[in-house]
Amino acid sequence: MPEPASGMTEPIKRRPRIPGWLRGVIWAVVAIGVMSTASYSTGVAALTSSNTTSTALRLALPILLCALGGLWSERAGVVNIGLEGMMILGTFGAAWGAYYGGVWVGLISAIAFGAIGGLLHAVATVTFNVNHIVSGVAINLLGLGVAKYLANLIFEPISGNPRQSPPVPKFDTYSASGLSDWLGTLENEQRVGISDVAGILRGLITGIAPLTMIAILLVPVSYWLLWHTRFGLRLRSCGENPVAAESLGVNVYRYKYLGVLISGGFAGMGGASLVLLKGGADYLENQTNGRGYIGLAAMIFGNWRPGGLLGGAALFGYADGLQLAGGGTAVLALLYGAVILLAVIVVVQLIRRRWLAAALGVIGAGALYAIYWTNDTLPSDLIPYTAHFVTLIVLAVASQRLRPPKADGAPYRRGEGD
């Protein structure tokens, strides 16, 4: 074979890159396999039951919508930790609008209240260049205070309780009845693998509300708008290099405002999902329970990408739904599943000759298995915080591969490039 001419180098051969959607499918298959194995090894059917999946789907929606809100804001270059406050405003707006005008009015009202919170955040950070973290904390405190004041003013005379709204209408739910019955039969047969998949699928097609379908559709719509339209390219350029974007004629302030307004609207929708879906409560003070922060964590876990944050929201929603559906025994079985997953990861790292990562995986798996082996159940005081613990662990593991927008949170003034 002839050698390359002097001064020329052979082209570097790169491994074919796996598409993002295919990686998501692979991870989903791995997750189902791990949960199926853990379910039959521990005898805890709740890990893959339709009841757990249905509950997880409902609880994942506010996390997903807040994560989408964070995506739009931070892709425009504005850090938004005020999602929790905007979500709280959305819960009040949903209850108020639904009580007087029905569920769709409640949804629109929630979006409007959340967008108002986003507008305040945009005014502070974009126009007055306030530190984004400081402004976000202020929005969280303001959202909590405003919702409490308005609930005391409007709901207390009706319900007699300033911390709770009167009963409000909920979205109707729909099911694929024939398919659901067939999947229910397969689930009850307790056949390895098949019953697990049947239970998960049944939970995903039973009792689905229009808001659920809208929230899931917003993921591909957000991807298309942000990555395949001129509008999305300009908005993302404001989060990567606003000075360069301005030099090309982009009105950076306008796109930052739009990103944060859309962010607030999505967070308000997340609040509406807590109030307007069947199975959830009416408006309650502090009912968000930190889900805005978990949504922000899901966005970070997803590396500021729509598909990734969908996976993060599903993970955190599943952890939250599992503790409600199965209690401490199910959460303990989840630890066993985590041990199996870590064992798979260790094998992969050994094949890649990443010795340190493999060693850390062995240590983590050993610690989790020790907790599982020495306990019959987990303390009841810790179980409600399952999703919060999962959030901390996942962020710690995923922190090494994150790539936020380059100018995310950076101060910007018009004309800086002149």
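Note that this is a predicted model, so its numbers are computed, not measured. Note that these values count all heavy atoms, side chains included, but never hydrogens, waters or copies made by symmetry.
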Would you check if [X] and [Y] make a side-chain contact, meaning some heavy-atom pair closer than 4.5 Å?
X	Y	answer
P62	T288	no
M213	L218	no
N286	L144	yes
N161	E156	no
L334	M35	yes
L142	L89	no
T52	L324	no
Y100	I154	yes

F316 and its side chain to side chain contact (heavy atoms under 4.5 Å, CB included) partner, picked from L64, L59, I294: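 Single pass found, and it is I294.
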Give a yes or no answer on whether the side chain of [X] reaches the backbone of [Y] with a donor-acceptor pair at less than 3.5 Å.
X	Y	result
S135	N131	no
R75	W72	no
S159	S165	no
T206	G203	no
R236	A76	no
R291	Q287	yes
S263	G69	yes
D320	A60	no
S237	R234	yes
T37	G33	yes

[X] atom [atom1], neighbour heavy-atom count above 12 within 6.0 Å:
X	atom1	answer
Y149	OH	no
K170	NZ	yes
K406	NZ	no
R163	CZ	no

Salt bridge (Lys or Arg N to Asp or Glu O under 4.0 Å) between D408 and R403, worked out: CA-CA 11 Å; D408 192 18; R403 195 274 185 195; over 6 Å; no
So how far is it from L83 CG to S73 OG, rounded to the nearest 0.5 Å?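 Spacing of CG (L83) from OG (S73) equals 7.0 Å.
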Do F155 and F92 have their ring centres less than 6.0 Å from each other? yes
CA sep, side-chain torsions, deciding dist, call: Y372, T42, side-chain hydrogen bond (donor to acceptor under 3.5 Å, both in side chains): CA-CA 10 Å; Y372 171 77; T42 61; 5.3 Å; no
Is NZ or CZ of R305 both nearer than 6.0 Å to the six-membered ring centre of W227 and within 45° of the ring axis? yes
Should the ring pair F231 and Y255 be called parallel, tilted or perpendicular, given that the plane angle runs from 0 to 90° and is split at 30 and 60? tilted
